[in-house]
Amino acid sequence: MTIRIQNLNKYFNHFHVLQNINLDIQKGELIALLGPSGCGKTSLLRIIAGLEQPSSGKIFFNDQDISDKTIRDRHIGYVFQHFALFKHMTVLDNISFGLRVKPKKERLSPQAIKEKATYLLEMVQLDNLANRYPDELSGGQRQRVALARALATDPHVLLLDEPFSALDTKVRRELRQWLSKLHHDIQLTSIFVTHDQEEAMEIADRVVIMNKGNIEQIGSPKEILDGPANDFVYHFLGESNHISIGERNFTFRPHEILVSIHDPKQGYFQATAIDIRPLGAMTKIILQPQETAYTIEAHIPNTTLNLYKLVKGDTVYFKPIMDFEI
Ligand SMILES: Nc1ncnc2c1ncn2[C@@H]1O[C@H](COP(=O)(O)OP(=O)(O)OP(=O)(O)O)[C@@H](O)[C@H]1O
């Protein structure tokens with residue numbers, strides 16, 4: 001299913017929440033809508049689902065204008081942050097629910113429903129938990145059941161609104177990898193809302209960066225990271241240092257820096273290491289350059305520097321290796 005969003009606007013009273021949104025999504029693509037809180041991601045997703053009406057503009061599924069269709073006629077699978085499973089039903093019954101409540105003429109036989117639900121359970125790797133109740137599952141397992149339930153009715157489009165944001169970091173990371181693989185296998189056109197750039201970059205084929213109801217940039221994770229379209233995108237995508245030394249202005253990410261404890265070479269500036277913190281495979285060093293009032297943050301791979309020798313107050317020499325001019 002391809003999706004086209006054309007000149008879409010949404011007002012809540014006088015508040016212009018979505019401002020002339022245009023977006024083309026290819027068949028089988030996984031798109032992440034990424035942006036700060038309140039930028040309109042969920043509103044856009046709800047309009048695509050048919051849960052909310054746009055103030056103007058059109059939505060096409062496979063070139064067919066579905067703007068006036070109900071959520072039911074759009075064949076959407078929807079997973080929310082807190083997806084409510086039915087507490088009194090087993091995992092298997094939760095997954096098969098959408099199949100069991102179909103109108104009689106569309107409904108599969110009880111045996112076929114059970115087989116399909118079992119197949120979906122295997123797909124989300126929970127076949128050993130078929131007879132558990134939602135209260136007996138971890139948060140991550142519950143979201144996988146929610147996804148299987150959303151897929152049960154063969155949706156044409158899968159919409160996921162921050163599905164992993166209530167889970168802890170480790171589980172989120174596992175589920176991201178799992179979702180990526182699942183998406184690769186089933187190739188269902190999917191839209192994933194998140195405010196977490198790492199999540200978006202890790203799972204999406206293309207990322208749509210939103211800000212205050214506008215699309216700032218659309219591109220693959222690499223295109224966006226290598227070529228942020230503007231100041232907003234650059235700063236949204238992560239921490240950055242800004243310093244002026246003499247006539248020169250530098251803007252660079254914490255990892256875009258070389259740090260040396262030895263004598264300066266050409267292009268290096270002198271600084272004092274005022275804080276040193278381990279960050280796993282990297283070490284974070286806060287530097288106070290000699291020539292500026294502002295500190296800078298450097299993330300240095302542990303393998304590239306004789307860091308064990310470095311202590312607070314030491315003199316070091318640094319050189320930005322990428323400077324980004326806006
Ligand atoms: N039903 C509503 N009535 C009035 N204003 C609304 C309504 N729904 C959303 N808004 C406003 O529209 C803006 C966009 O909200 P939306 O939920 O789409 O943002 P978001 O990017 O998904 O944010 P978050 O990441 O915090 O969920 C916000 O300022 C919000 O307060």
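Order of appearance sets the numbers: ligands from 1, and atoms from 1 within every ligand. Fair warning: this is a prediction, and the values are worked out from it, not measured in the lab.
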**Student:** Can you check side chain to side chain contact (heavy atoms under 4.5 Å, CB included) on Leu237 and Met201, steps first, answer last?
**Tutor:** CA-CA 10 Å; Leu237 291 182; Met201 297 302 169; 3.7 Å; yes
**Student:** Got the residues with a heavy atom under 4.0 Å of ligand 1, by chain and number?
**Tutor:** Phe12, Phe15, Val17, Pro36, Ser37, Gly38, Cys39, Gly40, Lys41, Thr42, Ser43, Glu162
**Student:** On the ring face of Tyr234, is Arg253 found with NZ or CZ under 6.0 Å from the centre and within 45° of the axis?
**Tutor:** yes
**Student:** Does His242, at its NE2 atom, have more than 12 non-hydrogen atoms belonging to other residues, nucleotides or ligands within less than 6.0 Å?
**Tutor:** yes
**Student:** Would Arg176 and Phe192 count as a cation-pi pair here, with the cationic atom under 6.0 angstrom from the ring centre and within 45° of the axis?
**Tutor:** no
**Student:** Given the ring of Phe12, does Lys10 sit roughly above its face, with NZ or CZ under 6.0 Å from the centre of the six-membered ring and within 45° of the axis?
**Tutor:** yes
**Student:** Please set out all donor-acceptor pairs under 3.5 angstrom arising from side-chain atoms of residues 43-54, sequence neighbours excluded.
**Tutor:**
from  : atom 1 : to    : atom 2 : distance (Å)
Arg46 : NE     : Glu52 : OE1    : 3.4

